[in-house]
Amino acid sequence: MEKVALVTGSSSGIGFETALALARENYFTFASMRNTDKAAKILEIAKRENLNLEVIELDVDKEESIKDAVKKIQEQKGRIDILVNNAGYLLAGCLEDVSIDELKAQFETNFFGVIRMIQEIAPTMRKQGSGIIVNVSSVAGRIGFPGTPAYISSKFALEGISECMRYELSPFGIKTIIIEPGVIKTNIFSTMKLAEGKPDSPYKEITEKVLNGVKMMAEMGTAPEEVAKTIVKARQTDEPLPRYMVGSDAVMFLEAKKMKPDIEFENYIKKELFGD
Ligand SMILES: NC(=O)c1ccc[n+]([C@@H]2O[C@H](COP(=O)([O-])OP(=O)(O)OC[C@H]3O[C@@H](n4cnc5c(N)ncnc54)[C@H](OP(=O)(O)O)[C@@H]3O)[C@@H](O)[C@H]2O)c1
């Protein structure tokens, strides 16, 4: 039977590579994106490699857009075997500089967007008695640091619901996987939004310091293809683990978090990020 994949945010970066990787694994892949004007590159590769990949419009912020896309997939294929919740963006700025509206917008995409997708697709997977839901979180879903609290809290929340989902969905044959990439070389740092803040913000210096550090790390970041490979590998496992880290930085930070007491870990992060 033909297997069907749906990936959100496939216009660039991790979503782009994951959609291609799943199509190369013989999934009929719906590479969804909110702006289909960006579809040319992925379609060109799919055509060249003779892949079963179709671009579909889907904005995770909009319930109607999700419903329309899922209806189209249902009518065309009647099933969804793997859903990769990848769409997301980065809002930078220390907490006092972030307005409630900016914070809500960040959660609208990175957190509620994922929930909307799951609520729309889980019924299909339950009926099938099978399916895999992959939530693209981040190392920032398990480690807090200054400069991007809106993004970090959206990923912490995503980790929380992912843990709950594993218990709730597994009796119906649905597997949930969390992916925790470190710094990956994608557009996320060039397209990130900066909280408006106040012109005389006392947090300007620390925000700049963190962002410059992360941008420097991004220059040497892991390729998005590595995240795609991890997703492909995880879905091949009968009993996938709850979490998969991607990148040596992810492993280093998350292992340190596991091993060190809280205060010691905080000092370690200060040293790594600011050389304090
Ligand atoms: N890069 C990293 O270092 C890193 C590390 C850990 C986790 N992640 C996570 O990986 C995921 C993908 O990010 P990336 O690094 O590949 O960045 P990216 O290249 O900027 O890709 C982000 C994708 O999400 C899409 N998107 C944003 N808002 C959307 C919405 N409302 N509806 C549908 N699509 C939307 C973007 O579409 P447009 O092209 O239309 O903007 C784009 O396709 C994100 O969840 C991010 O948090 C990234």
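Order of appearance sets the numbers: ligands from 1, and atoms from 1 within every ligand.
- The only member of Lys127, Gln128, Glu2 that meets side-chain contact (heavy atoms from CB on, under 4.5 Å) when paired with Arg79 is Gln128.
- At a heavy-atom distance under 4.0 Å, no atom of Glu180 approaches ligand 1.
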TODO: Any chance you could lay out the side-chain contact (heavy atoms from CB on, under 4.5 Å) test for Val70 and Ile121, step after step, and finish with the verdict?
DONE: CA-CA 8 Å; Val70 174; Ile121 284 164; 4.0 Å; yes
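- Contacts of Thr109 with ligand 1, taken as heavy-atom pairs under 4.0 Å, involve the side chain alone.
- Under a cut-off of 6.0 angstrom, the local environment of NZ in Lys77 is crowded, with over 12 non-hydrogen atoms contributed by other residues, nucleotides or ligands.
- Ala19 approaches Thr29 most closely through the heavy-atom pair O-CG2, 3.5 Å.
- Judged by a 6.0 Å distance limit and a 45° cone about the ring axis, Lys41 is positioned over the six-membered ring of Phe16.
- Contact analysis puts Phe189 in contact with ligand 1, with a non-hydrogen atom separation below 4.0 angstrom.
- The option with the heavy atom closest to atom 31 (N) of ligand 1, from among Asp59, Val84, Asp249, is Asp59.
- Ranking protein heavy atoms by distance to atom 8 (N) of ligand 1, first place goes to Tyr151 OH, 3.6 Å.
- Residue contacts with ligand 1 for Ser137 involve N, CA, C or O but no side-chain atom from C-beta outward (heavy atoms, distance under 4.0 Å).
- Of the listed residues (Ala19, Ser11, Ala218), the one carrying the non-hydrogen atom nearest atom 43 (O) of ligand 1 is Ser11.
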Open item on the list: Pair Lys72, Ile56 - check side-chain contact (heavy atoms from CB on, under 4.5 Å), show working.
Closed with: CA-CA 9 Å; Lys72 197 172 168 208; Ile56 190 168; 4.1 Å; yes
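- Across Glu108, Glu57, Arg34, heavy-atom proximity to atom 28 (N) of ligand 1 is greatest for Arg34.
- Heavy-atom proximity to Asn187, at under 4.0 Å, picks out these atoms of ligand 1: 19 (O), 20 (O).
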Open item on the list: Go through it in stages, so that I can follow the logic: the residues are Ser201 and Asp97, the test is side-chain hydrogen bond (donor to acceptor under 3.5 Å, both in side chains), and I'd like the CA-CA distance, side-chain angles, deciding distance and then a yes or no.
Closed with: CA-CA 7 Å; Ser201 167; Asp97 283 339; 2.6 Å; yes
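- Below 3.5 Å of separation, one finds no N or O of Gly15 facing any N or O of ligand 1.
- Residue contact annotation: Ser65 has no non-hydrogen atom under 4.0 Å from ligand 1.
- Only the side chain of Lys38 comes within 4.0 Å of ligand 1, counting heavy atoms alone; its backbone N, CA, C and O stay farther away.
- Look at Leu58 and you'll find a heavy atom under 4.0 Å from some atom of ligand 1.
- Taking each of Thr36, Asn86, Thr186 in turn, the one with a heavy atom nearest to atom 45 (O) of ligand 1 proves to be Asn86.
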